[in-house]
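Below is one structure, written out as structure tokens; comments come after it.
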Amino acid sequence: ASSQLTRGSVCLALYPLTPGFPVDALLPSAEAEFSKLTQYDSIEDFQADIAPGDVPRILVSVKLRRILLLQDGTSESRDDVTAARINFVDQAMPTRKPGVYRRLLSGTHPTFYLIGALASHGTSGKEAYVNAMHVSRVAKKAILRRVGQLTPDEMRAVSERVVTSLELDI
């Protein structure tokens, strides 16, 4: 229910992965609403087949994952909500990326915020982090359920990281 989609909610949802090239697309045609599936190797090739005003459909991969709602999604007049991706800390991270892991644990990473220590985080007790570099619109219909909630102080820390991520050129 939309009434549970409040800022700071940790939810399980279908999260779209960023498409790249090659891309598979369905373009409108004169004979049917959409023609056959066509693969495009570059943005230039894709653009050459799109007429002004066309709204082609592309195949996009999605993953069922935890997300953090960065804004309230309680209004019935809005179909989507802004969310940040949540990643679990894998066993290899401390040795594969020791500097990142150290800053994550100390709370000094500029774009990652560690969660998972509290049951209310909705990560089943596993270490995870909010990735402020991956913010996207998510359709409210793609949200399966709410599994946790961050505190106002935690959300302030996440918001600071979102602003930082917008200022970085990484």
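All of these numbers come straight from a predicted model, not from anything done at the bench.
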I'd like to know if the side chain of [X] and the backbone of [Y] have a donor-acceptor N/O pair within less than 3.5 Å.
X: Lys140; Y: Gly73; answer: yes
X: Thr123; Y: Ala128; answer: no
X: Lys63; Y: Leu17; answer: no
X: Ser9; Y: Leu5; answer: no
X: Asp90; Y: Ala92; answer: yes
X: Arg85; Y: Arg65; answer: no

Nearest 0.5 angstrom please: [X] [atom1] to [Y] [atom2], how far?
X: Glu154; Y: Thr151; atom1: CD; atom2: OG1; answer: 3.5 Å
X: Leu37; Y: Asp24; atom1: CG; atom2: CG; answer: 4.5 Å
X: Asn131; Y: His109; atom1: CG; atom2: NE2; answer: 8.5 Å
X: Glu127; Y: Ile115; atom1: CD; atom2: CD1; answer: 11.0 Å
X: Leu14; Y: Leu144; atom1: CG; atom2: CG; answer: 8.0 Å
X: Leu166; Y: Met133; atom1: CG; atom2: CE; answer: 9.0 Å

Ignoring hydrogens, what is the shortest heavy-atom contact between [X] and [Y]? Give both atom names and the distance.
X: Ala83; Y: Val138; value: CB-CG2, 4.1 Å
X: Met155; Y: Leu70; value: CE-CD2, 4.2 Å
X: Arg66; Y: Ser124; value: NH2-OG, 3.9 Å
X: Val10; Y: Ile86; value: CG1-CD1, 3.8 Å
X: His121; Y: Gly116; value: ND1-N, 2.7 Å
X: Cys11; Y: Ile143; value: CB-CG2, 3.7 Å

Any chain of hydrophobic side-chain contacts (each under 4.5 Å) joining [X] to [Y]?
X: Val62; Y: Leu69; value: no
X: Leu118; Y: Val130; value: no
X: Val147; Y: Leu68; value: yes
X: Val81; Y: Tyr15; value: yes
X: Val60; Y: Tyr40; value: yes

Under 4.5 Å side-chain linkage, directly or through intermediates, the cluster mates of Phe112: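 Under the 4.5 Å side-chain rule, Phe112 groups with Val89, Met93, Val100, Tyr101, Leu104, Leu105, Leu114, Tyr129.
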Listed partners of His134 passing ring pair (Phe, Tyr, Trp, His ring centres under 6.0 Å), at least two apart: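 So His134 forms no ring pair (Phe, Tyr, Trp, His ring centres under 6.0 Å) with any residue.
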Go through the structure and list residues passing side-chain hydrogen bond (donor to acceptor under 3.5 Å, both in side chains) with Ser159, not counting sequence neighbours.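 With neighbours one apart ignored, the set is Arg7.
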Give the C-alpha distance, both sets of side-chain angles, the deciding distance and a yes or no for side chain to side chain contact (heavy atoms under 4.5 Å, CB included) between Ile58 and Phe46. CA-CA 11 Å; Ile58 63 171; Phe46 188 55; 3.9 Å; yes
So does Asp79 have more than 12 non-hydrogen atoms from other groups sitting under 6.0 Å from CG?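 At most 12 heavy atoms, drawn from other residues, nucleotides or ligands, come within 6.0 Å of this atom.
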Mark yes when over 12 heavy atoms from residues, nucleotides or ligands other than Arg78 sit less than 6.0 Å from its CZ; otherwise mark no.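 Enclosed.
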